[in-house]
Amino acid sequence: MHRYRTHTCNDLRTADAGAEVRLSGWCHRIRDHGGVLFIDLRDHYGITQCVVDPDSPAFACAEKLRSEWVVKIDGTVRKRPAGTENPEMPTGLVEVYVRDIEVLGPAAELPLPVFGEQQYPEDMRLKYRFLDLRREKLHANILLRGRIVDSLRARMKAQGFCEFQTPILTASSPEGARDFLVPSRLHPGKFYALPQAPQQFKQLIMAAGFDRYFQIAPCFRDEDARADRSPGEFYQLDIEMSFVTQEDVFAAVEPVLRGVFEEFGGGRPVTPSFPRIPYAEALLKYGSDKPDLRNPLVIVDVTEEFSRDDVTFNAFKNIIKTGGVVRAIPASGAGAQPRSFFDKLNNWAKGEGAPGLGYVVFETTDGKLAGKSPIAKFLPAAAQQAIAAKANVGAGDAVFFVCDQEGKAARLAGAARLKIGNELGLSRSDVFQFCWIVDFPMYEWNEEEGKIDFSHNPFSMPNYGHDAFLALDPADKATILSLKAFQYDVVCNGVELSSGAIRNHRPDIMKKAFALAGYSEDDLEKRFGGLYRAFHYGAPPHGGIAPGIDRIVMLLAGEENLREVVLFPMNQRAEDPLMGAPSPVTPKQLRELHIRLNLPEPKA
RNA sequence: GGGGGAGUAGCUCAGCUGGUUAGAGCGCCGGCCUGUCACGCCGGAGGCCGCGGGUUCAAGUCCCGUCUCUCCCGCCA
């Protein structure tokens, strides 16, 4: 007989009745009835009920067992007595009558129960992550993650992509996020950086002629955390392809994402063909570049309607005069809501930093559509009807208004759209709604520095004729700021899964692109020397994308927080309370690295 | 760097307009119980009410500061 087990805790069935077996696992739950004692023995695979009574030589030992002790149990499989079967459990028709127990690993009193679904504080969960990971939901999430990664790999390979490993110790890149630095022992005063993404490597792989690259790539960024953004490190399905247009990238990636979401989505429908939404349209209609399309509400611009001469609502008119816009969020069916609904939304908007949310409730009076609201008296019937027509609402619906400068108005309208949709229960929760966001602006105006900047990443190819781009006058701000890039995002249920782009592979266009943002060729060589050099020796047109693994798993597991799908996550302050990272190092280690600490004064 | 929320038993939480000895459930310890599967019943231990200061006859409760966790903004090419 094997030293530890003949079966797992999910193996035994009625057909095994009579067998002498050996199981090992954790005491999940113990029910002591005095004369008879039940141990739910749990391992990775499942749970099997073990029974001890005073006739068993193991009875005395069994009475001493406590939750989460690891034990080896020898016994006989038997059918449970009639009426005591548990159909909820795969092993629920049988039990093991215990003859011998060996304690393999006793457990101290638990700071965090494994049994049950209760919520526990994050710091406790992280400090005792090994206990938390024993719990059913988290254990299942981590396994799901593994299966998703397997599936992504298989789907990529089936399309002819080859997996590569790129360096972890590399050079600091001055663009983008803050780097994690690693001091060099051999080169005093110099540092490696952990890659923020294998961006330049994958482009170099294309320049090296490998054609189709992918990697489940670790990425490191020293930026603050969010619920959907790990501090420090995360994984992405990094993809790059040669001789492709934007459409080719979509055609390669869309079936991978759709396939994985169909495979692991538990039957929830997945967008059959991802719609393409231009960036500007997304900001107008959804108030966000990551629209949640499960929410059916569509924002419209009603600046024109509020500018009419017969409208006397000066609170908005004055903002419009300074370049502001008015956005309307239709609220289907909100007419039936009590006054408190509108007050609640108004208070919410104030919490978001807005003066409030104007609204009109539409009803039919004398066969005509009429608005009721605190601001209705400023809006003559004709203006109300024009707004209702534009927002596509009728009697029984309401419309909310926000008025501000365009960017702020769009953002608030977008947040209000989500809030209203949730309050009214309009969003479907059991679907995966994907879309591509396309036509991102190539440049944006940097208000602080008063200059033109790259709006996303400097590697994207402008969506503009090459010759025309090379001929652009740097003083022609209007044209430059109106340029689009071959840059795209893929979004699912309001979660940005990925950014990608067709890359700028031509050194002349790259030089021009940097020049328009105020960078010299010298800057370009300093920052991206390796890549820039590669582009001088025959680089193929190429492009790619990099969907975040953690977010994909989050969506599929139905989790709101990334820590629920990461084995050993850090807390919001980028600490690992289990391993004690980050930690001080010895003076000897610092000496070898030629580092002397210059710490801030401790607060008094 | 900024804003919101939270911090009371090992864990989850209650504790009203300040007022005797700070409670419950789970867990733990002891006792009882031969068919439970969130077993049940009886008893017990366990509290710097995050920390420091203030107001008050009296503070878990009010005020100020501070620390910690968390969510958000900034940031994340």
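Below, chain A is the first sequence line, B the second, and so on; all start at residue 1. Everything quoted here is computed from the prediction, not taken from an experiment.
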For the pair [X] and [Y], find out whether any cationic side-chain nitrogen is under 4.0 Å from an anionic carboxylate oxygen.
| X | Y | answer |
| --- | --- | --- |
| A:Arg125 | A:Glu564 | yes |
| A:Glu223 | A:Arg229 | no |
| A:Arg13 | A:Asp16 | no |

Atom [atom1], compared across [N] and [M]: separation rounded to whole Å:
| N | M | atom1 | answer |
| --- | --- | --- | --- |
| B:U8 | B:C69 | P | 15 Å |
| B:G25 | B:A59 | C1' | 27 Å |
| B:U66 | B:G2 | P | 10 Å |
| B:U17 | B:C11 | C1' | 32 Å |
| B:U12 | B:G31 | C1' | 27 Å |
| B:C73 | B:A9 | P | 32 Å |
| B:U20 | B:G53 | C1' | 27 Å |
| B:G46 | B:A24 | C1' | 15 Å |

Nearest-Å distance, [atom1] ([X]) to [atom2] ([N])?
| X | N | atom1 | atom2 | value |
| --- | --- | --- | --- | --- |
| A:Leu126 | B:U68 | CG | P | 16 Å |
| A:His28 | B:U36 | NE2 | C1' | 14 Å |
| A:Leu131 | B:G27 | CG | P | 16 Å |
| A:Leu497 | B:C76 | CG | C1' | 16 Å |
| A:Tyr128 | B:G10 | OH | P | 12 Å |
| A:Lys79 | B:G35 | NZ | C1' | 18 Å |
| A:Arg178 | B:G1 | CZ | C1' | 11 Å |
| A:Glu109 | B:C29 | CD | P | 7 Å |

Just checking [X]: base, sugar-phosphate only, or nothing, at a heavy-atom cut-off of under 4.0 Å?
| X | result |
| --- | --- |
| A:Pro111 | sugar-phosphate |
| A:Glu88 | nothing |
| A:Asp55 | nothing |
| A:Arg125 | nothing |
| A:Asp53 | nothing |
| A:Arg78 | base |

**Message:** Heavy-atom nearest nucleotide on RNA chain B for A:Val36 versus A:Ala197: which residue maps closer to 5'?
**Reply:** A:Val36
**Complete:** Closest to the 5' end of RNA chain B, once A:Arg551 and A:Asn571 are matched to their nearest nucleotides, is A:Asn571
Please check if the side chain of [X] supplies one atom and the backbone of [Y] the other of a donor-acceptor pair under 3.5 Å.
| X | Y | result |
| --- | --- | --- |
| A:Tyr286 | A:Ile299 | no |
| A:Arg417 | A:Asp292 | yes |
| A:His28 | A:Leu41 | no |
| A:Ser498 | A:Ala546 | yes |

Taking any strand in view, what nucleotide pairs with [N] in a Watson-Crick or G-U wobble way, both distances under 3.5 Å?
| N | answer |
| --- | --- |
| B:G35 | none |
| B:G25 | B:C11 |
| B:G60 | none |
| B:U17 | none |
| B:C69 | B:G5 |

Which of the following nucleotides, [options], is nearest to the side chain of [X]?
| X | options | value |
| --- | --- | --- |
| A:Glu575 | B:C69, B:C29, B:C71 | B:C69 |
| A:Arg226 | B:G74, B:U70, B:G35 | B:G74 |
| A:Asp123 | B:G30, B:C69, B:C71 | B:C69 |

Spell out yes or no: do the side chain of [X] and the base of [N] have one donor N/O and one acceptor N/O closer than 3.5 Å?
| X | N | result |
| --- | --- | --- |
| A:Glu95 | B:G35 | yes |
| A:Arg229 | B:C76 | yes |
| A:Arg411 | B:G74 | no |

**Request:** Indicate whether OP1 or OP2 belonging to B:U70 is found under 4.0 Å from a side-chain N or O atom of A:Arg573.
**Result:** no
**Message:** Less than 4.0 angstrom between a side-chain N/O of A:Asn561 and OP1 or OP2 of B:C71, yes or no?
**Reply:** yes
**Request:** Answer yes or no: are there more than 12 heavy-atom neighbours, outside A:Lys72 itself, under 6.0 Å from its atom NZ?
**Result:** yes
**Prompt:** Of the options A:Ile549, A:Ile552, A:Val553, which is the one that meets A:Val565 in a side-chain contact (heavy atoms from CB on, under 4.5 Å)?
**Reply:** A:Val553
**Prompt:** A:Tyr519 vs A:Phe454 aromatic rings, parallel, tilted or perpendicular, using cut-offs 30° and 60°?
**Reply:** parallel
**Message:** At under 4.0 Å between heavy atoms, how does the protein contact nucleotides 37-42 of chain B? Give one character per nucleotide, 5' to 3', with B, S or -.
**Reply:** BSB---
